[in-house]
Amino acid sequence: MRKILLIGATSAIAQETAKIWAVKGDEMFLVARNAENLSAVAGDLRVRGASKVVTMTAELLDFELHQQIVTSAIAALSGLDLVLLAHGTLGTQKLGEADYAIAEREYRTNFLSFVSLLTPIANYFEKERRGTIVVISSVAGDRGRQSNYIYGSAKGALSLFLQGLRNRLFLCGVAVITVKPGFVDTPMTAHIKKGPLFVDPGVVARGIERAIQRRQDVVYLPWFWRFLMLVIRCMPETIFKRMKL
Amino acid sequence: MNQYSASYECWGRFPKASHIIHRMRWITDTIPVDTGQKILPYGLGRSYGDSCLNDGAVLLITTALNRFIALDNTSGILRCEAGVTLAEILSVVVARGWFLPVTPGTKFVTVGGAVANDVHGKNHHGDGTFGRYVKNFALLRSDGIRYLCSPTQNQDLFQATIGGLGLTGLILWVEFQLIPIHNPFLDAETVQCKNLSQFFELSQESEEKYQYTVAWIDCLARGRSLGRGIFIRGNHAHHLEKRPPPPSDSQIIIPVEAPSFLLNRFSIRAFNFLYYHKQRSPRVSQIVHLDPFFYPLDAIGKWNRLYGRRGFFQYQCVVPYEGQSSPIRRILETISQSGMGSFLAVLKVFGDKPSPGILSFPKKGITLALDFPNQGRDTLELLERLDQIVRANNGAVYPAKDARMSAASFQTYFPRWQEFAKYVDPHFSSSFWRRVIAPHA
Ligand SMILES: Cc1cc2nc3c(=O)[nH]c(=O)nc-3n(C[C@H](O)[C@H](O)[C@H](O)COP(=O)(O)OP(=O)(O)OC[C@H]3O[C@@H](n4cnc5c(N)ncnc54)[C@H](O)[C@@H]3O)c2cc1C
Ligand SMILES: NC(=O)c1ccc[n+]([C@@H]2O[C@H](COP(=O)([O-])OP(=O)(O)OC[C@H]3O[C@@H](n4cnc5c(N)ncnc54)[C@H](OP(=O)(O)O)[C@@H]3O)[C@@H](O)[C@H]2O)c1
């Protein structure tokens with residue numbers, strides 16, 4: 001029975017992951033900004049077998065709340081074993097190109113809020129000398145593309161940040177897991193035409209739980225994205241810059 | 001939205017349709033009424049024909065509405081969102097000593113679909129339809145209002161929506177009664193059944209003592225063997241000394257469409273023969289897990305692809321019982337003479353428990369269900385001949401299984417259809433509905 005802090009609990013990927021945990025009887029502290037949806041998720045997890053579910057409503061762009069989220073979770077569950085950060089937005093690239101204020105908001109949501117939340121979380125686990133931190137980044141962070149480089153560069157920065165954090169926390173026995181999903185059929189991608197590469201969020205959820213069990217460092221989900229992204233990263237910039245990706 | 005997709009099919013894979021897909025995510029979401037297109041909810045598409053299709057218009061996909069809301073462990077009352085599947089319910093409730101009050105022959109259906117077709121199972125003779133166990137539900141209509149419906153509140157919408165084929169609005173969540181069980185096993189008996197007369201005898205003899213009964217019959221058998229098959233009956237097991245191991249979870253999935261010669265007359269005959277002769281002694285009693293007992297077909301995922309690209313029809317009718325002289329005899333004769341039936345023929349007695357829905361299909365009598373590979377005109381003509389017998393005998397055909405009944409047949413089978421039509425949401429429709437309410441000569 002693990003004590004888990006789940007941030008962005010109403011995300012489709014997060015919900016599917018939490019269902020796996022509920023069946024195992026884990027205790028969870030859920031954070032999301034929509035109170036009504038959050039309580040639907042909490043109710044579901046209780047019926048499925050979670051031994052304890054506590055919720056907190058928070059707009060994550062309100063950075064002042066971050067310390068309080070972590071403190072409240074530790075108090076409510078009397079400690080923490082595992083944290084999953086799953087919030088995010090796939091903004092409209094064109095809007096961000098036209099208006100920096102919009103781009104900045106994307107960076108705050110998809111990068112800076114993670115740095116801010118991970119600061120007290122990392123310090124807590126470092127002191128405890130154990131624990132697991134799981135963060136959902138994206139394959140979009142592996143290379144900048146004209147169609148979504150604002151989101152992509154936020155995720156890329158996040159992946160690099162996690163690399164450093166993993167390096168720092170390794171010696172005190174804390175695992176840092178970077179999850180890089182490909183295309184997932186969730187509300188975030190509702191407006192995108194579904195091709196054969198799309199998977200259900202349950203597939204990603206099972207991959208996340210597997211990565212936790214195996215204490216992996218970086219996981220691509222599904223696995224084939226590791227090779228796809230390898231190819232994409234290897235393309236010379238002189239060619240890549242001419243492509244419409 | 002506004003992209004047509006052909007990826008949502010019906011189970012018989014006929015007819016084909018393309019849709020604008022809209023996925024519901026939360027029960028707080030609104031429904032897209034502003035497109036000017038008609039809307040139809042879609043669960044897992046386990047309906048065989050066009051009652052779950054809405055060609056050229058909007059499908060509201062409900063499978064992400066898959067959250068449990070509450071389970072009362074002392075009363076066995078479960079409330080969950082409408083896209084929760086029966087499989088998921090079983091995975092949560094069986095270990096806590098509960099089972100579904102009524103279950104169809106597959107667990108891969110949603111609760112919303114179970115209500116909208118007022119489904120029946122092997123216990124219909126004693127327990128009636130799924131709708132009888134529904135305490136209440138929330139119905140979202142295109143006026144944006146969420147109607148709480150129960151036998152006492154919005155009673156008319158309650159009765160129209162149970163068996164209402166998704167036409168009265170979107171069911172958001174359902175609260176219904178589970179039944180207690182001691183363990184996940186059944187005390188089952190399979191009995192060889194030589195012909196239709198024996199089927200009637202076995203049905204009568206089993207009615208009181210067995211909660212579940214069903215027969216699988218070989219519909220190519222003729223003459224004195226007409227109605228030959230295996231009669232299966234069972235009860236939930238009481239305390240067991242020794243539990244048999246549960247079946248493995250592994251599923252064979254049919255990965256591609258089979259070429260249709262695989263299902264020609266000879267292979268069907270061979271299958272029927274094997275099915276009957278697999279059982280050597282006339283009676284076998286055993287303790288079986290609920291999965292193989294209730295869901296034998298679920299062990300093969302996507303078995304509908306075995307019928308190839310042209311798809312298939314299922315025909316399920318109910319006709320009055322009338323003992324040995326039942327019109328079911330003429331129906332079986334017509335099928336066996338045609339030689340077009342398949343290995344999937346199920347025969348069962350329906351009891352007299354009233355179904356709550358205005359348009360519910362089950363009523364007292366005997367029901368037959370079987371598949372027909374789609375061979376074009378020949379198949380359609382045979383099914384129309386069957387319809388003539390059913391119509392003449394005050395029977396009905398199950399909309400959940402239908403892709404071809406005429407408007408005239410539908411309106412004869414469901415004499416209350418006009419009363420029902422008053423509750424159809426002005427923004428909702430289906431391919432089936434447009435077909436069966438068409439004016440006819
Ligand atoms: C192998 C097999 C065995 C079967 N055995 C039986 C059986 O023994 N007894 C029996 O009765 N049936 C049986 N069926 C039929 C099946 O139970 C029904 O067709 C069932 O309704 C399918 O549920 P679904 O979730 O797939 O719904 P779909 O097929 O997707 O939709 C069915 C109908 O429900 C409506 N609907 C779905 N969700 C909602 C919602 N949230 N709100 C309002 N309307 C909604 C749809 O509009 C449609 O009209 C069987 C089917 C198969 C494939
Ligand atoms: N879907 C994909 O293809 C894909 C691919 C790679 C990576 N990812 C990543 O996977 C993670 C989960 O996304 P998903 O696919 O599950 O999509 P999702 O269901 O849309 O989840 C995103 C969640 O983030 C929440 N959120 C966004 N901004 C927030 C804020 N300021 N404060 C609080 N909550 C906020 C949203 O809350 P509301 O519901 O209240 O808006 C929503 O619950 C994200 O980090 C995403 O970037 C997704």
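A, B, ... follow the sequence lines: proteins, then strands. Residue 1 opens every chain.
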Could you grab the distance from atom [atom1] of [X] to atom [atom2] of [Y], nearest 0.5 Å is fine?
{"X": "A/K194", "Y": "B/S7", "atom1": "NZ", "atom2": "OG", "answer": "10.0 Å"}
{"X": "A/N37", "Y": "B/D29", "atom1": "CG", "atom2": "CG", "answer": "7.5 Å"}
{"X": "A/Q15", "Y": "B/R25", "atom1": "CD", "atom2": "CZ", "answer": "9.5 Å"}
{"X": "B/W26", "Y": "A/E36", "atom1": "CH2", "atom2": "CD", "answer": "10.5 Å"}
{"X": "A/R46", "Y": "B/L71", "atom1": "CZ", "atom2": "CG", "answer": "14.0 Å"}

Contacting moiety of A/D185, where chain B heavy atoms sit under 4.5 Å: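 For A/D185, backbone and side chain are both near chain B.
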Toward chain B, the part of A/T10 with a non-hydrogen atom under 4.5 Å: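 For A/T10, backbone and side chain are both near chain B.
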Over 12 foreign heavy atoms within 6.0 Å of [atom1], [X]:
{"X": "A/K94", "atom1": "NZ", "result": "no"}
{"X": "A/E64", "atom1": "CD", "result": "no"}
{"X": "A/R105", "atom1": "CZ", "result": "no"}

Structural part of B/N73 lying under 4.5 Å from a heavy atom of chain A: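 Interface part for B/N73: neither.
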Region of B/I69 that comes under 4.5 Å of a non-hydrogen atom in chain A: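 When you check distances to chain A, only backbone atoms of B/I69 fall under 4.5 Å.
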Side chain to side chain contact (heavy atoms under 4.5 Å, CB included) between A/K19 and B/R67, intermediate numbers included: CA-CA 10 Å; A/K19 282 181 192 173; B/R67 300 172 195 91; 5.7 Å; no
When B/V92, B/I27, B/V84, B/N66 are compared by non-hydrogen pairs under 4.5 Å with chain A, the top option: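 Most pairs with chain A among the choices: B/N66.
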